[in-house]
Amino acid sequence: WQAQRASEEQQWWQSIAQQVPPGVLLLFLLATLGGLYRYNMRMVGFHNSRADALEFLAITGDKDTAERFDKIATALAADKVEFGKTATPTDQAVELARIIAQQK
């Protein structure tokens, strides 16, 4: 019974081999979704600035709307907002491996 139990018991490297691939996949998906979220937030800011400019010009009723629209939309645009640099999936996988190595 003990011999069978010992043969079925996983070694530490087998546990790591089973846990690392899903962890790397999760980090990759989070990094991808984080980039997609930042992109969508910039697009929302861009379209909101255009909508605000159109509403403002509709209220004021200016004659030369094309030039003023460009100035107002540029002033209200959120395209210069930076959300910071994120770690790549490779960086996150290296960090995960470093943490696992320190626990042993």
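The first residue in the sequence is number 1, and the count goes up from there.
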Q: Look up atom CE in Met41 and atom CG in Asn48, then write down how far apart they are to the nearest 0.5 Å.
A: 9.0 Å
Q: Between atom CG of Leu25 and atom CG of Leu30, what is the distance when rounded to the nearest 0.5 Å?
A: 9.5 Å
Q: Starting at CG of Asn40, measure out to CG of Leu33 and round the result to the nearest 0.5 Å.
A: 10.5 Å
Q: Under 4.5 Å between side-chain heavy atoms, hopping through other hydrophobics if needed: is there a path connecting Tyr39 to Tyr37?
A: no
Q: With rounding to the nearest 0.5 angstrom, report the CG to NE2 distance, Asp52 to His47.
A: 13.0 Å
Q: Any chance you could measure Ile59, atom CD1, to Glu55, atom CD, to the nearest 0.5 Å?
A: 6.5 Å
